[in-house]
Amino acid sequence: LTDLAVKAMAGKSKSSGKREQKEISSLEHLPIHRHKKQLLQAVAENPFLIVTGETGSGKTTQLPQYLYQAGFGKHGMIGVTQPRRVAAITVAQRVSEEMNCILGKEVGYQVRFDDCTSKSTVIKYMTDGCLLRELLADHGLSQYSTIILDEAHERSLSTDVLFGLLKNMFKQKKTQDRKVPLKVVIMSATLDLDKLSEFFENCPIVSVAGRTYPVTEVHCDLIGPKDTESSLFVKEVVKVTLDVHMNEEAGDILVFLTGQSEIERACDLLFQKAEAIDYRYDVQDHSVEGLIILPLYGSMPTDQQRRIFQPPPPGIRKCVVATNIAATSLTVSGIRYVVDSGFVKQLNHNPRVGLDILEVVPISKSEAMQRAGRAGRTSAGKCYRIYSKEFWRKCMPDHMVPEIQRTSLTTVILTLKCLAVHNVISTNFPYLDCPEERHILEALKQLYQLCGCDHRWGYVTRLGQFMVELPLPPGLTRALLKAAALGCEDLLLPVAAMLSVENVFIRPGHPEKQKVAERRHREFASQTGGCNDFTTLLNIFKQCKSSSASPANWSRDHWIHWRAMKTAFSVETQLSEVLSKLKQLKDFPVEEFDGSKSELLRRCLCSGYFTNVARRSVGKTFCTMDGHGSVVHIHPSSALYEKETQLDWIIFHEVLVTSKVYIRTLCPIKYEWVKDLLPKLHEIDVHELSSVAREEQTEDEMARWEKREIVKQEAGKMAEEALKKLEKRNDEKSVSDARARYLQRKQERSKD
DNA sequence: GAGCACTGC
């Protein structure tokens, strides 16, 4: 938890410094204090309540204390959820200080890998994912008197699921075994409040003033509705940033860009204005005419992040060039100017091609307002937007599409079914924003394929109940359970852990160092035969864990991210604990293995990844067998890159869509291993899986055929769209190749 | 011959 601690400290030093100057009585000057009576009365009289207020209103720290003082904690804990772990920890720290008690006693927190609560805990801060886990174990949330969902406007996947479940609990009166009915408070910035209120039985809304300063918004008109090239906005951002630096009064600048490469390019350009210094190879302070330039993104080493929070020397201006991480996760103090690129990198799931695509898209108006707000935390500020008013009107949606409408829903559907919500279609389950039906159907199909739900009507299976206990993507869960049944989970646990954490391979910016790192990485592959990326991950895990020197030093010497390795070790421990509990159950499956030992790992992987089977097609390309028939390429980071022609059938962990459609982390398999599983990919009619849900059992054959045909047509359209996107990025040669492949595939299909 | 935002269990 070192890294979390660093971030927690960064936030803490700021707030505790403030607190030292003021007495605890200053809490009474918080904007929320005036609403204390009104809030307590509203909670007492209603099952649901919405509290809205900007940053600095004190709602997160004060409302739970008010409720506690008013006796709401007598019949159960007051649970407060946060979308992020650091937030849950820091807020709990702060409230325990305010209440003058030891953290973990009356006030505690729970996040993954760290439960800091006790029997005496009455106010519990936690991540929303943790509460969802608790709900799986205790459907009535009997430990709690009150649930507060904080930061609801962020619409995290878990918060959205909790919305529906808590509303259901109220509707179904599942709270009958309670002494006192459960109270639910939703805390949100001012977004769609009427809709939220309507959703929660027309509950009252209490508005609390914030404590922020005015931010002047300036449109620079450098980007219009027609500008979509990402190379464009980096230049424009740099231009505006330099303008701000030259012409504006003292005050630090926060620049919002889309990702690491754009940030590095922008920093390079900023430096070029003075002299050619490559900041990446030298961590000493550099300044461009009184400007310190600091990149900030998630995968950056923590020791470099520390400098972000330090104030600049007198007379020097600090400029932080950051990803969206600075919008919510990290607070940089002293910011007076924000430069907004207007774009964000977002992972979107497309059910029609079954691919996750990471794409650069315009932000929403509410996200732009959130970014601007970062300039008004300590004094009045200014926000420079590089895009025009027309871009704002035409290209930016009012609100971000919530995560539940953008991601694969397999895990969500499994969770709901395990909570006795068999009917997952919107006509039954209350989604605040309903995912498209085809998202739900695709999730049902995948769940069925992994044996998590039943063929008839999609009821959850025993295996599905085991699966929900493991915090892993469904395919990987299935593979791990297979391994456990065969008694070889030690082989798969480290692989599952390594696949759960961010990429462990360090890719240095310096070309020479990059070669050294690459050589080191290739050794890991060749040590275990050089033809299985999963085994390579297992190899790294084992070596790092058993390294005689400190594992941290070992990681540095081998160009491996130590931070990610530490997380992988924690994940492996947790998965191992969950698995051994499951194995103690009487009906946990036990199977015999009849193949050779060298096949064991791959055979287990097949049981979960047979939905990710591909077969070699023309040249170095592969064709997926999941029904989409997408053409994919092996990513150059794979040990099997440039060994394509030696391969026939393979399974892969993930797809990346960048300049081509790449598959990453893969291994060869034999057709016999998946032969019996493959029909499962096509045999099921997804509408049958959900027919009970939609109460359409009587629906006649014709209508179903029609629907199936529409789905097929859409899949075809989507393939064309995906290709069009690639054409833009590729050169003419590869475009014509792609087109040829596409036409060939189309012809082959029509023959069938 | 690539280059991947951010969370969470």
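Computation of the quantities below employed the complete heavy-atom set of this structure, encompassing side-chain atoms and omitting hydrogens, waters and symmetry-equivalent molecules. Below, chain A is the first sequence line, B the second, and so on; all start at residue 1. Quick caveat, the model's predicted, so the values are computed rather than measured.
Of all heavy-atom pairs spanning A:Leu254 and A:Arg374, the tightest one is CD2-CB, 4.0 Å.
Atoms CD1 and CE, on A:Ile147 and A:Met77 in that order, are 8.0 Å from each other to the nearest 0.5 Å. Summarising the geometry, atom OG1 belonging to A:Thr81 is positioned 11.0 Å from atom OH belonging to A:Tyr125; distances are rounded to the nearest 0.5 Å.
No side-chain heavy atom of A:Leu294 sits less than 4.5 Å from a side-chain heavy atom of A:Cys267.
Ion pairing between a basic and an acidic side chain is recognised when a charged N comes within 4.0 Å of a carboxylate O; A:Lys581 and A:Glu469 show no such pairing.
At whole-Å resolution of the value, NE2 in A:His349 and P in B:dC4 are 20 Å apart. One interatomic measurement links the two molecules: CG of A:Asp160 to P of B:dT7, which rounds to 19 Å at whole-angstrom precision. In this structure, CZ of A:Arg406 is placed 14 Å from P of B:dT7, rounded to the nearest angstrom. Following rounding to the nearest Å, A:Phe343 (CZ) and B:dC4 (P) show an atom-to-atom distance of 16 Å. In this structure, A:Tyr641 atom OH and B:dG1 atom C1' are separated by 4 Å, rounded to whole Å. Rounded to whole Å, the distance from CG on A:Leu162 to P on B:dG8 is 15 Å. As a whole-Å value, the separation of A:Glu367 CD from B:dC6 C1' is 11 Å. Atom CG in A:Leu257 sits about 16 Å away from atom C1' in B:dC4, given to the nearest Å.
Considering only side-chain atoms of A:Asn503, the nucleotide from B:dC4, B:dC6, B:dC9 that sits closest is B:dC4. Nearest to the side chain of A:Lys345, among B:dC4, B:dC9, B:dA2, sits B:dC4. Closest contact between the side chain of A:Glu403 and the listed nucleotides B:dA5, B:dT7, B:dG1 involves B:dT7. The side chain of A:His635 lies closest to B:dA2 when the candidates are B:dC6, B:dC9, B:dA2. Of the candidate nucleotides B:dC4, B:dT7, B:dA2, B:dC4 has the atom lying nearest to any side-chain atom of A:Arg664. Considering only the side chain of A:Ser329, B:dC6 comes nearest among B:dA2, B:dC4, B:dC6. Out of B:dA5, B:dG1, B:dA2, the shortest distance to the side chain of A:Leu358 is found at B:dA5. Listed nucleotides: B:dG8, B:dC6, B:dC9. Nearest to the side chain of A:Tyr297: B:dC6. Proximity note for A:Pro636 (side chain, C-beta onward) versus B:dA2, B:dC9, B:dT7: the nearest is B:dA2. Closest to the side chain of A:Glu518, out of B:dC6, B:dC4, B:dA2, is B:dA2.
Both A:Leu347 and A:Gln574 lie near DNA chain B, and the one whose nearest nucleotide falls closer to the 5' end is A:Leu347.
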